[in-house]
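First up is the structure itself, then whatever we jot down about it.
This is a predicted model, so every value here is computed, not measured. All residue numbers refer to positions in the sequence shown, counting from 1.
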Amino acid sequence: MRLTFLLDENILYHAFRGVDKHDQPDLAAQELVAAIAKICHGICVHPCLSERYHTVFKKLREHPPRSSAAVRFLKELLHNSSKRGYEVGDLPTLPEGVELPREDEEIVCAALISKPVFVTADDELKDAINNQHDKLGLEALDASKALALAESEKP
């Protein structure tokens with residue numbers, strides 16, 4: 001089964017740098033993006049997330065990726081339209097009573113469009129989404145758990 005993932009910008013940064021959220025060497029995010037490409041899963045991108053990705057890409061120009069797999073994924077993400085699905089249109093509103101970190105409301109709203117596998121390195125955001133699963137219909141995973149899911153769902 002082909003899955004669709006929404007990767008927050010921190011996951012991309014971690015993938016390209018080969019680090020975890022504490023900037024310690026960790027390949028989980030890197031292996032996740034490689035698995036998404038290899039297994040033919042997809043990435044959903046809303047314009048609000050594109051802006052966040054662009055900020056990460058600016059940072060990465062100063063510190064190029066350590067991994068050729070990450071560079072290949074970036075090229076595929078940018079040049080292979082079958083790898084990404086653009087979410088278009090207005091963002092839906094959050095369901096009544098949902099509370100999230102304000103800075104993340106927009107990307108969670110974007111995820112409400114197609115209900116992808118939401119991958120984040122932000123524990124506060126992950127917990128907020130998972131604690132309100134019944135209202136949001138979303139599950140948030142860290143890179144390690146998302147990698148396990150991507151690898152278990154081979155088409």
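Residues E139 and N130 form a side-chain contact, since some pair of their non-hydrogen atoms from C-beta on lies under 4.5 Å apart. In this structure the side chain of R52 reaches within 4.5 angstrom of the side chain of I107, judged on heavy atoms. Within the 4.5 Å cutoff, no side-chain heavy atoms of L147 are placed close to those of L141. The side-chain heavy atoms of F118 and L136, taken from C-beta on, include no pair separated by under 4.5 Å. Proximity of L94 to C109: side-chain heavy atoms (C-beta onward) are separated by under 4.5 Å at one or more points. Side chains of L7 and V33 form a contact here, defined as non-hydrogen atoms less than 4.5 Å apart. A heavy-atom distance below 4.5 Å is found between the side chains of E105 and R102. A 4.5 Å side-chain heavy-atom check between V108 and L125 finds at least one atom pair inside the cut-off.
Of the listed residues (V119, I43, V117, T4), just one forms a side chain to side chain contact (heavy atoms under 4.5 Å, CB included) with I36, and that residue is I43.
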Exercise for review: Begin from the C-alpha positions of H46 and L91 and carry the test side chain to side chain contact (heavy atoms under 4.5 Å, CB included) through to its verdict.
Suggested key: CA-CA 9 Å; H46 188 274; L91 291 173; 3.3 Å; yes
Review point. Can L100 and Q132 be said to form a side chain to side chain contact (heavy atoms under 4.5 Å, CB included), step by step?
Key: CA-CA 9 Å; L100 299 166; Q132 299 173 92; 4.1 Å; yes
Review point. Are K21 and D142 close enough, and set up right, to give a salt bridge (charged side-chain N to carboxylate O under 4.0 Å, His left out), and what steps lead you there?
Key: CA-CA 10 Å; K21 62 186 170 189; D142 62 23; over 6 Å; no
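The minimum heavy-atom distance between L112 and P95, with the atom names listed, is CD1-CD, 4.1 Å. For the pair A128 and P101, the tightest heavy-atom approach, listed with the atom from each and the gap, is CB-CD, 4.2 Å. The two residues G42 and R2 make their nearest non-hydrogen contact at CA-NH2, 3.6 Å. Smallest separation of non-hydrogen atoms from A140 and T120: CB-CG2, 4.4 Å. Of all the heavy atoms in A35 and H41, the pair that sits closest is O-CD2, 4.3 Å. Across every non-hydrogen atom of K115 and G137, the tightest pair is CD-O, 3.6 Å.
F5 and Y13 fall within a single hydrophobic cluster, where Ile, Leu, Val, Met, Phe, Trp and Tyr are joined by side-chain heavy atoms under 4.5 Å apart, directly or via other members.
To the nearest 0.5 angstrom, I113 atom CD1 is 10.0 Å from L6 atom CG.
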